[in-house]
Amino acid sequence: MAVDGIFDGLPADIFSQNRWNRGIEEAIQKSSENLRLGKFDVNSKKEIFTIDTPPPYPSGRPWHLGAVAHYSKIDIMARVERMLGKEVLFPVGMDRNGLPVEKYTEKKHGVSMRDTPREEFIELCRQSLDELETEMIDILKTIGYSADFDNIYRTDSPEYRALTQATFIEQWNKGRVYKGHRPSNYCVDCGTTIADAEIEYKELKTRLVYIKFKIGGDTITVATTRPELLGACKALIVNPDDDRYTPFIGKEAVTPLYGASVKVVAHPSAKPEFGSGVVMVCSYGDYNDVMLFRELGLEETILIGTDGKMNKDAGKDIEGLLVEEARKKMVGILKEKGLLEKSENVAHRTPMCDRSKTPIEIIPMEEYYLKTIDLKDELNKLIDDLNFVTKQHKQILTDWLKVSTDWPISRRRYYGTEIPVWYCKECGEPYVPVPGEYYRPWKENPPGNPVCKKCSKSSFVGDVRTFDTWMDSSVSALFVTKYRKDEKFSGRTYPTSLRIQGVDIIRTWLNYSIVRCYQLTGKLPWRDVYVDGVGLDEHGEKMAKSKGNGVDPMPLIDEYSADAFRFWAASEASPGSNFLYSEMKVIAANKFLTKLWNVARLVNSFGNIEMGSEPKKLEDSDRWIIAETKKVVNDCRDSYSRYNLFTASNKMREFVWNVFAPHYIELVKGRAYGDGFSADEKTAALYTLNYVLKSIVKLLAPITPSVSEIIWLKNYSDESVHSQVIEQEKLEEGDEKYMSLGAAIMEFDKNVWNAKKEKKLSLKSEIDIEIPKGLGEVEKDLRSMHNIKA
RNA sequence: GGGCCCAUGGUCUAGCGGUUAUGACGUCUGCUUGACGUGCAGAAGGUCGGGAGUUCAAAUCUCCCUGGACCCACCA
């Protein structure tokens, strides 16, 4: 069959290979790229389907198998929608802002960001990103990702950053942004404030030290894990029901070494059973301190600088020391002076920076905040309209909405979208430019030489900070739908149809996208949300770069093919469930494709046949498998339309492997070869074999694009399988009857096989066995199949 | 402490009121059957975590318990 254009370069004798393998796949992949499935026509008459896909973050190699499986599923879903007859906007982007690449670059070049000129550091980051990105794009192409690679978007491009800034400016102008000076999560290692969502907790061993405070003529013992903050202690709290300390309530204690007077206050957050039952409240050891300072109206004294070292207010003994060092030294001093009662080991749940894995400090900083708290109720109601395909994950979002606070959006970093704000050098009044351009206040003057609207001077200094990277990615749905750029396009594509993402970024990407897009457009950014589970290693533990248990998918794909990998990804876990990696499962997927390949080889060996119309007469066995096929098509189509790749893929595997190949094909093999059958009977068998294969290959095309395409082009059409539409099949009246006939055939087959096994006969040897009455219509086929004595 | 999810043969997994409890991998036995030995056929292997209840009927619904995972708060 002619296969010009799409199918150049594929060997004519491809079916001489008896196994599905990566080599065959590579040949077809090259020609498949010419199809450019990713292109999108906004004027299409078809229903438009827009996918808001996660732009992957190039933060280091290798790209984990879990992530690649995730993108495989995303691609399958895009292909499914195309084959359900929709015009699909399937963008591919790269998330290239923020801390991870800065960390990667610092490590790679052995430099420190703050000791490198900003321009130079940015350039180094860009190089790292370009290298990592190239690899990732290669991987995406290898797995057959069918997005629009001619228009890859990058969140660090001037266009994208201009959108991040424009949307910020819109929100600023709406009064949604404010600057707050408040205790912030500060990561010393990263040198920046981070959001609550970027914190993870880890049990770390630490010393709980018991320090003696003087109170009147008495002493009271305070247990603390942060003795270095003794100089910041502003109050002691005890539980109101703790009889040991009730006499002290309201009295003034004196901090050792520092000699400050601090009041003893009753507060329920002091647990009598922990430590000594007396807690020192200092600025700031933990969140409880923050809360108590606010509640008790205490004045903070900050002892830790942004360099992670103790400042001069900490006193000369520990000034200049790192927090850890200061802690040890302080314990030594207290011991020496007899102020230490005792100390013990405890496990302490420590807040750590998600990115640098070092403990954070709570330090007051002035940062930009985006208001979100006032929208909580509204958002809570709103997300009821969001269709969570994976219902089990909705709760994570609602829980988070309950406890989340306003979002600190500024970061003291270099490689990120700049905050487009300048300040008047004279009076400090902020100047925010018009939205639309990409601004870099740290190196540029404000555009058009504006004058300060307060003091009319025209000398400005730019803010040197950047945005939290989620400020960029939270508008991905707006960027891909050309928000602020092309009204018609955006009108047709926004809100988008589907957001697909991982369960690990619900608090961040999902939440922030809703917050931002809703504030900007008044609409939720998507109709459906599919939250995918995470990839687990063989032991059921989450794969993570930090754990070093990530598996590189490429050797696996080289060995077993991308289609096998994709089939595995689709068939491994039900929607939203975590999936466990096992090479055996990928091998099994590859075996299935080999099975399909061999079915195709067999069918192909009878020559191409015209599929236009049914032959004059179909045998009952033919009618059975056709009915069965239609049911499979409808079931899978239904699963597909609900984004359930798991059910669809497993159903197909089961049908091909356990019904079609062993029962139907074996049943009609003799008829297909024509031995002892009429021409019409033979034609019916060939027609049916092709009918089933064609249906299955088409149905499988979104999951296994390469093997499907080859079989399709070889046997059925000049036109790609990927431009076909999977239609609903109409079941006919007799179909039920034929399906029960099929069940009887399969039952009978088993009986014969068992009988031959018992009699130690080979499967092809003749046997004398009675064919049940109900199988009269297929007697001829059965006799041929099992070599039953006449 | 609050919430959420999970528990099915050796492993993973489907089923979610009536099934001989699904499939894959693994194990064992046999077989060159006109495509596939990375195959075919057969077999072994499960008291569906434990207990109670609802029901004519429960792996499936309810409650309790146990054991895991995750999220949130708190831990001086």
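The sequence lines fix the lettering, A, B, ..., with proteins before strands; numbering per chain opens at 1. These values consider heavy atoms only, across backbone and side chains, with no hydrogens, waters or symmetry-generated copies.
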Do [X] and [Y] pair up side chain to side chain, a donor and an acceptor below 3.5 Å, judged on atom types alone?
| X | Y | value |
| --- | --- | --- |
| A:Asn21 | A:Gln17 | yes |
| A:His663 | A:Asn658 | no |
| A:Thr594 | A:Arg19 | no |

Whether A:Phe660 and A:Tyr664 hold their rings parallel, tilted or perpendicular, with breakpoints at 30° and 60°: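 Judged by the thresholds at 30° and 60°, the geometry between A:Phe660 and A:Tyr664 is parallel.
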Whether A:Trp470 and A:Tyr512 hold their rings parallel, tilted or perpendicular, with breakpoints at 30° and 60°: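 Answer is tilted, since the angle falls between 30° and 60°.
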May I ask you to verify if any side-chain N or O of [X] is less than 4.0 angstrom from the OP1 or OP2 atom of [N]?
| X | N | value |
| --- | --- | --- |
| A:Arg226 | B:rA76 | no |
| A:Asn658 | B:rA24 | yes |
| A:Trp657 | B:rC40 | yes |
| A:Lys595 | B:rC40 | yes |

Of A:Val222 and A:Ile396, the one whose closest RNA chain B nucleotide lies more 5':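 Nearer the 5' end of the strand: A:Ile396.
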Face-to-face stacking of A:Tyr673 with B:rG34, centres under 5.5 angstrom, angle under 30°: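 Yes.
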Touch class at under 4.0 angstrom, heavy-atom based, for A:Asn650 against every strand present: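 Touches nothing.
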Touch class at under 4.0 angstrom, heavy-atom based, for A:Thr224 against every strand present: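 Answer is sugar-phosphate: A:Thr224 comes under 4.0 Å of backbone atoms only.
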Any side-chain heavy-atom pair of A:Phe655 and A:Leu699 under 4.5 Å: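 Side chain of A:Phe655 against side chain of A:Leu699, heavy atoms only: no contact under 4.5 Å found.
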Annotated protein contacts, base or backbone, on nucleotides 7-16 of chain B with a non-hydrogen cut-off under 4.0 Å, one of B, S, - each: -----BSS--
Complementary nucleotide of B:rG39, counting Watson-Crick and G-U pairs under 3.5 Å: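 Pair assignment: B:rG39 / B:rC31.
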Side-chain donor/acceptor of A:Asn598 to base of B:rG39, under 3.5 Å: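 Looking at the base of B:rG39, it does not pair with any donor or acceptor on the side chain of A:Asn598 (distance under 3.5 Å).
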